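In what follows, chains are A, B, ... by sequence order, proteins preceding strands, each numbered from 1. As the structure is a computational prediction, the values presented were derived from the model and not from experiment.
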There are 2 protein chains.
Amino acid sequence: MVLSSYKNEDKVLLALDCIIFGFDQEELKILLVKRDFEPEKGKWSLIGGFLKKEENLDEAATRILRYLTGLNNIYMEQLYTFSKVDRDPAERTISVAYYALIDIATHDKALLKQNPVQWFSLKEAPTLIFDHHLMVEKAISRLRRRALTKPIGFELLPPKFTMRQLQKLYEAILDKKLDKRNFINKFNSLDILIKLNEKDMSSSKKGAFLFKFDEEKYRRKVEDGFIFKI
Amino acid sequence: MVLSSYKNEDKVLLALDCIIFGFDQEELKILLVKRDFEPEKGKWSLIGGFLKKEENLDEAATRILRYLTGLNNIYMEQLYTFSKVDRDPAERTISVAYYALIDIATHDKALLKQNPVQWFSLKEAPTLIFDHHLMVEKAISRLRRRALTKPIGFELLPPKFTMRQLQKLYEAILDKKLDKRNFINKFNSLDILIKLNEKDMSSSKKGAFLFKFDEEKYRRKVEDGFIFKI
DNA sequence: GGGAATAAGTGTTTAAATTACTCTTTTGTA
DNA sequence: TACAAAAGAGTAATTTAAACACTTATTCCC
C-alpha cells in the first residue's frame with residue numbers, strides 16, 4: 001500500500017485560505033469576506049480559492065490575493081495544512097493556509113472597490129466558518145514569533161514611518177506594551193533603518209522624524225551572518 | 001472564480017512524506033527506503049504514502065509510519081506542503097511533509113525486519129528522488145529551532161540517558177560543540193530531569209549517572225508559564 | 001507675543017543571563 | 001598498584017535585558 005504504485009489513490013480538492021493581516025496605526029486587523037455561495041452563504045470567511053492544475057501553492061495564493069486586492073508584491077508565507085475530514089461539510093477538502101501582510105493605508109483604495117470584504121480588528125472579528133478560527137490563531141502565533149526574528153513588520157507599515165508607529169506595530173503584534181527608550185535603542189543598534197530628513201507632523205506639534213527600512217543593508221548584514229532579533 | 005461554488009475544481013493526489021530522524025549516540029540519522037516502483041524505482045526516497053478519504057493528515061502520517069516501523073506513539077509534526085507542478089514526473093502530486101523523531105536503539109529491531117529501509121547519517125545520505133532533499137533540509141532547520149524551545153530531544157533518546165548522551169544529542173542537532181559545564185548547569189536549572197540511582201557503565205570506568213525526563217513536572221511547569229529554552 | 005499643551009527625543013543604572021575556563025574524582029584494567 | 005578514561009563540579013568576566021524621568025520642539029490658543 002505504502003510502497004505501491006499510485007494509480008488507484010483517492011484524489012482530493014485542495015483549497016487555499018489566506019489570513020490577511022493589516023495594521024492601521026493602532027491595532028492588527030484581518031480582512032474577511034462575506035461568503036456568497038453555499039455552504040455557509042452569508043457568513044464571514046477567510047479569502048480562499050482552489051489550487052489549479054498548472055500552478056503551485058505559492059502561485060495560487062498570490063493569484064487569489066491579487067484577485068481580491070488587485071495587488072502584487074505582497075508578503076506571503078505558507079502556514080499549515082488543515083485536513084480534518086469533515087472540516088467542510090459540503091465536500092472533503094484539504095486546505096493550505098497562507099498568511100499575508102499588507103499596509104492598510106497604502107492598499108485600502110483597491111480593497112474598498114471589492115464590496116464583500118471588510119477589515120476587522122482581531123479582537124472584534126466575527127465568528128468564522130469551518131476551521132478558519134484555527135487558521136487565524138495559528139497565523140497570529142506564527143506572526144508573533146516571526147516578527148521577532150525577521151523584519152517582516154515593515155510589510156505592515158507605509159514605506160516611511162515614525163519610530164512611534166514602528167513601536168505601536170510591535171506592541172500590536174506582541175500584544176504588550178514596550179518601553180520607548182529600550183525599543184528605540186534596540187532598533188538603532190540593529191542599524192537597518194535610514195533616518196530621513198523629513199518629519200511627520202500629523203501626530204504632534206513637534207513632529208516626528210520619518211524612517212525607512214534599509215532593505216539592501218539588511219540583506220548585506222544577513223549575508224555576513226547577522227541575525228535579526230528584536 | 002475565487003468566490004464561486006466548487007463543483008468544477010481540479011482534484012489532486014495528496015501524498016505524504018516523512019522525514020524520520022534517529023540518533024545513535026553519535027550523530028543524527030534519517031531513515032530512507034529504496035523505492036521499488038516507478039518512477040525512480042531503485043532510488044532512495046523518504047517514506048511516503050497517500051492520503052485516504054477517511055483520514056486526516058496526522059492520521060495518515062501515523063499510519064504510514066506505523067506501516068513502516070510497526071510502532072505507535074512516535075513524535076510527529078507537520079512540516080510544510082510541497083507543490084511544485086512537476087515535482088513528481090509521473091503525475092501531479094502535492095506532498096505534505098511530516099517529520100518524526102525516534103530513538104534508534106529502542107526501535108531498531110522492528111525496523112530491521114523491513115528490508116528496504118536503512119539509516120543514513122545526515123552527512124552521508126544518498127541523493128534523493130524528487131524534491132525530497134528540500135524536505136530534509138527544511139526538517140533539519142525546523143528540528144534545530146524546535147529543539148531549543150521544546151524538549152523534543154528526549155524523543156530521540158532512550159528513556160534513561162546520561163548527561164553526556166543528552167549533550168551529544170544537542171551537539172548533533174545544533175551541529176556545534178557545547179561546553180560540558182554550561183550545558184549541565186543550564187539543564188539543571190530547568191529542573192525537568194530526574195537523576196536516577198543507576199549508572200551507565202558502558203562508556204567509562206567511573207560510570208555515569210542515568211537521568212530521565214520528568215514529563216509530568218515539565219507539563220506542570222508549562223502550565224505555570226514556564227517556557228523551555230535551552 | 002507668551003504660555004500651555006502635546007508628543008518626541010534622549011542615557012544611565014541595575015539585574016540577569018551567558019560565556020569562558022581546569023582540575024579532581026572514580027574505578028576498571030593492565 | 002599505577003595508569004587510563006571519562007565523570008563531575010564552581011567562579012569570574014562579559015554581554016544582554018530591563019527599569020526608569022526629564023528636556024525639547026512646536027503649535028495653538030489666549
Side-chain angles (χ1 to χ4, degrees), chain A residues 24-26 144-145 147-149 157-158 160-212 221 225-230, chain B residues 24-26 144-145 147-149 157-158 160-212 221 225-230:
Chain A
D24 69 349
Q25 319 304 322
E26 276 305 322
R144 218 161 256 172
R145 270 176 298 128
L148 294 172
T149 50
L157 291 175
K160 301 173 182 182
F161 48 84
T162 66
M163 274 297 185
R164 186 52 148 213
Q165 284 174 289
L166 187 60
Q167 184 184 340
K168 285 212 164 191
L169 169 64
Y170 272 84
E171 288 179 340
I173 291 176
L174 303 175
D175 197 24
K176 69 174 177 194
K177 282 260 165 267
L178 301 173
D179 178 86
K180 183 166 54 157
R181 280 169 295 185
N182 290 341
F183 183 81
I184 290 175
N185 289 342
K186 191 66 193 280
F187 243 103
N188 281 338
S189 78
L190 297 177
D191 185 30
I192 51 171
L193 295 184
I194 298 172
K195 185 175 187 169
L196 302 173
N197 243 332
E198 253 180 283
K199 281 191 163 185
D200 169 88
M201 302 305 296
S202 66
S203 65
S204 80
K205 292 163 185 172
K206 186 176 176 181
F209 278 104
L210 288 165
F211 291 79
K212 65 179 187 181
K221 276 172 169 277
F226 166 82
I227 293 171
F228 178 91
K229 183 86 183 34
I230 191 84
Chain B
D24 69 348
Q25 320 306 321
E26 277 304 324
R144 218 161 255 173
R145 271 177 297 130
L148 294 172
T149 51
L157 290 175
K160 300 173 183 181
F161 48 85
T162 66
M163 274 297 185
R164 187 52 149 207
Q165 284 174 288
L166 187 59
Q167 183 183 342
K168 286 214 164 192
L169 170 63
Y170 273 84
E171 289 179 338
I173 291 176
L174 303 175
D175 195 25
K176 68 174 178 195
K177 282 259 164 270
L178 302 173
D179 178 86
K180 182 165 57 158
R181 278 169 296 183
N182 290 342
F183 183 82
I184 291 174
N185 288 343
K186 190 65 193 280
F187 242 103
N188 281 339
S189 78
L190 296 176
D191 184 30
I192 52 171
L193 295 184
I194 298 171
K195 185 174 190 170
L196 302 173
N197 244 332
E198 255 180 279
K199 281 191 161 187
D200 169 87
M201 302 305 295
S202 65
S203 65
S204 79
K205 290 160 186 174
K206 186 176 178 183
F209 278 105
L210 288 164
F211 291 78
K212 66 178 185 182
K221 276 173 170 277
F226 166 83
I227 293 171
F228 178 90
K229 183 85 180 41
I230 189 83

B:Phe209 six-ring face occupied by B:Lys199 cation (under 6.0 Å, within 45°): yes

With sugar-phosphate meaning primed atoms plus P, OP1 and OP2, does B:Ser203 contact a base, only sugar-phosphate, or nothing at under 4.0 Å between heavy atoms? sugar-phosphate

Distance check needed: D:dA9 P versus B:Phe187 CZ, whole Å only. 17 Å

Going by the angle between their ring planes, with limits at 30° and 60°, are A:Tyr170 and A:Phe187 parallel, tilted or perpendicular? perpendicular

Min side-chain heavy-atom separation A:Lys180-A:Ile184 under 4.5 Å: yes

Within this structure, what is the CZ-to-P distance between A:Phe209 and D:dT24, rounded to whole angstrom? 16 Å

Are B:Glu26 and B:Lys168 ion-paired here, with the side-chain N under 4.0 Å from a carboxylate O? yes

Could you state the interatomic distance from NZ (A:Lys160) to CG (A:Asp200), rounded to the nearest 0.5 Å? 11.0 Å

Would you mind reading off the distance between B:Leu178 atom CG and C:dT18 atom P, rounded to a whole angstrom? 13 Å

Whole-Å distance, B:Asn182 CG to C:dC21 P, equals 11 Å

Between A:Asn185 (CG) and C:dG9 (P), how many Å, whole number? 13 Å

Classify every nucleotide of nucleotides 22-30 of chain C by which part a protein heavy atom approaches to under 4.0 Å, writing B for the base, S for the sugar-phosphate alone and - for neither, in 5'-to-3' order. B--BBBB--

Rounding to a whole Å, what distance do you find between A:Gln165:CD and C:dA8:C1'? 13 Å

Between atom CG in A:Asp179 and atom P in D:dC20, what is the gap in whole Å? 9 Å

So does A:Glu171 pair up with A:Lys176, basic N to acidic O under 4.0 Å? no

Euclidean distance, atom CG of residue B:Asp200 to atom C1' of D:dA7 [Å, nearest integer]: 12 Å

